[in-house]
Protein chains: 2
Amino acid sequence: MVTSLSEKGPFPLSPEAAEGGALLHDAVYAELRWRLITGKIMPGVGLSTRGLAAELGVSPMPVREALGRLAAEGAVEIRSKRRILVPEMTADRFDDLLRCRLLLEPEAARQAQPHLGPEALRRLRVIDGRLDRCLSNGDVTGYMEANFQFHFTLYAAPGGAILRRLIETLWLQFGPFMRVVYGRFGTHTLQDQHERALAALQAGDAEGVAQAISADIADGMGLIGRHALS
Amino acid sequence: MVTSLSEKGPFPLSPEAAEGGALLHDAVYAELRWRLITGKIMPGVGLSTRGLAAELGVSPMPVREALGRLAAEGAVEIRSKRRILVPEMTADRFDDLLRCRLLLEPEAARQAQPHLGPEALRRLRVIDGRLDRCLSNGDVTGYMEANFQFHFTLYAAPGGAILRRLIETLWLQFGPFMRVVYGRFGTHTLQDQHERALAALQAGDAEGVAQAISADIADGMGLIGRHALS
DNA sequence: GACAGGCATCTGGGATCACTGTTCACCAGC
DNA sequence: GCTGGTGAACAGTGATCCCAGATGCCTGTC
């Protein structure tokens with residue numbers, strides 16, 4: 001298998017996976033990351049290297065390596081042999097993740113604010129518009145993709161790469177769970193604080209942006225997620 | 001090679017590596033993590049899967065997987081083919097790491113304080129005593145091991161696993177650099193804030209613990225590290 | 001009919017092999 | 001003597017193979 005990748009665009013190459021570079025295991029890693037963040041993989045489902053390899057049209061080796069990386073980040077759990085799965089969410093882990101988000105993301109937004117010019121603001125508005133359309137249409141996957149892009153476009157700042165990376169590992173862990181939650185309760189109940197963040201951004205109010213993001217996380221993830229767990 | 005691991009205690013099994021479990025690549029991963037955190041691997045040196053495999057007495061396969069995981073955490077850099085190395089520190093990356101530490105670790109200490117009883121306090125004092133002895137003796141490696149144990153014993157709290165994991169990722173990245181810095185400037189200049197943290201801990205003052213950790217990071221890593229980079 | 005034990009199958013972990021791209025060194029030419 | 005090109009060695013990547021362990025089903029016995 002010289003891999004279908006080079007000839008026909010192998011597995012549905014997601015935006016994230018596209019920048020994966022020439023290395024096969026990097027592409028697989030990026031693809032799986034994207035699937036987890038956008039909740040395309042359900043919690044509790046077992047993943048098999050052979051199965052994923054067949055699905056993606058690659059050999060089991062790059063898949064194994066990608067799963068190993070994800071395991072190091074806590075996104076998948078290698079439970080003994082024969083069982084490698086996306087961990088189920090528990091109330092404790094949820095609270096832990098939520099605390100970390102509330103600690104990291106407002107700070108990331110605060111640090112990024114001075115570097116976000118009109119061009120970034122315009123892009124954020126475009127993403128937010130797509131996000132709202134997905135909410136109206138009940139397109140959960142589209143919403144999660146747009147929400148990811150909104151937050152990480154907002155956090156883009158020179159010198160924030162390490163913080164962004166930490167935040168990404170958090171998103172990897174709650175993506176599958178939140179997908180289930182949104183799927184169960186629908187998207188119409190979601191009320192994000194993005195407008196507030198954009199207004200503060202336009203005003204050059206870093207503290208306001210941070211507070212908006214904090215509220216966005218507490219509302220969008222905290223309330224509905226904890227409700228689903230109870 | 002049924003691996004020397006099972007019979008004679010293979011490669012110098014560090015405290016961290018011991019809990020690695022039965023899986024070979026987990027043991028290698030833990031071993032390399034420990035070496036990075038304690039600065040036993042210098043920045044800029046090339047690592048080769050084959051070389052490490054020979055050194056550790058295992059086949060290149062588990063080493064490859066371990067290096068892949070470390071690459072995902074930013075602890076090693078896979079620069080093209082034929083070159084996989086511990087990245088050199090830059091001023092920007094250092095500032096980024098320092099900001100993240102100052103964001104995460106005081107909060108981890110604050111969250112852990114209510115869960116730290118007299119027993120934990122006693123263990124922290126033992127570790128701090130060993131740490132001070134290492135400082136007097138100029139034992140840089142021993143100091144870094146003790147310092148790691150002090151901080152992560154302090155951060156131990158139920159429901160803080162994810163935060164601790166994030167912090168470990170940071171330690172992986174500055175360990176090799178700080179080892180060089182300490183080696184160059186000696187350990188006698190180091191003045192940690194551990195006593196202050198222990199006093200606040202004994203008084204049940206969570207905010208005081210957090211401030212002491214904040215000062216400890218700013219002094220022990222911030223000042224000396226930035227001085228070394230200038 | 002239910003439970004226990006054994007067997008078949010499946011899956012992950014490790015080893016080995018083949019290939020490719022990179023790097024370094026040596027040699028030739030200017 | 002220096003520079004540029006070429007070739008050889010080397011190291012990472014991906015594929016295939018093999019083994020051990022776990023899961024699940026089937027059968028036999030109580």
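Quick caveat, the model's predicted, so the values are computed rather than measured. Atom set for the values below is all heavy atoms of this structure, side chains included, hydrogens, waters and symmetry mates excluded. A, B, ... follow the sequence lines: proteins, then strands. Residue 1 opens every chain.
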Check your understanding: Quick one: do Arg164(B) and Glu105(B) make a salt bridge, cutoff under 4.0 Å?
Key -> no

Review point. In terms of the nearest nucleotide of DNA chain C, which residue is placed more toward the 5' end: Met61(A) or Ile84(A)?
Key: Ile84(A)

Check your understanding: Is the base of dG12(C) touched by the side chain of Arg83(A) through a donor-acceptor pair closer than 3.5 angstrom?
Key -> no

Check your understanding: Atom CD of Glu65(A) to atom P of dG12(D): distance rounded to whole Å?
Key -> 11 Å

Study note, to complete from the structure: Note: for Arg50(B) and Pro62(B) on DNA chain C, the residue whose nearest nucleotide lies more 5' is Pro62(B)

Review point. Salt bridge check: are Lys40(B) and Glu31(B) linked by an N-O gap of less than 4.0 Å?
Key: no

Point to revise | Carboxylate-amine/guanidinium proximity below 4.0 Å for Arg33(A) and Glu73(A) | key: yes

Exercise for review: Using a heavy-atom cut-off of under 4.0 Å over every strand shown, decide if Leu67(B) touches base, sugar-phosphate, or nothing.
Suggested key: nothing

Check your understanding: Tell me: CG of Leu24(B) to P of dC19(D), nearest whole Å?
Key -> 18 Å

Review point. Starting at OH of Tyr29(B) and ending at C1' of dG13(C), how long is that distance when rounded to a whole Å?
Key: 18 Å

**Study point:** Of Leu97(A), Ile37(A), Leu36(A), the residue whose pairing with Trp171(A) passes side-chain contact (heavy atoms from CB on, under 4.5 Å)
**Key:** Ile37(A)

Review point. Between Asp128(B) and Arg123(B), is there a salt bridge with N-O shorter than 4.0 Å?
Key: no

**Study point:** Rounded distance in Å - CD1 (Ile78(A)) to P (dG12(C))
**Key:** 9 Å

Exercise for review: Please determine if a side-chain N or O atom of Thr49(B) lies less than 4.0 Å away from the OP1 or OP2 oxygen of dA11(D).
Suggested key: no

Review point. Taking atom P of dT22(C) as reference, at what distance in whole Å does atom CZ of Arg79(B) sit?
Key: 14 Å

Exercise for review: Indicate, yes or no, whether a donor-acceptor pair under 3.5 Å links the base of dT22(C) to the side chain of Arg82(B).
Suggested key: yes

Exercise for review: Answer with yes or no whether Arg64(B) presents, from its side chain, a donor or acceptor under 3.5 Å of a partner atom in the base of dG14(C).
Suggested key: no

Exercise for review: Let me know the distance between CZ of Arg69(A) and C1' of dT13(D), rounded to the nearest Å.
Suggested key: 12 Å

Review point. Over how many whole Å does the gap from Leu47(B) atom CG to dA11(D) atom C1' extend?
Key: 13 Å

Check your understanding: Whole Å only: how far is the CG atom of Leu23(B) from the P atom of dC19(D)?
Key -> 19 Å

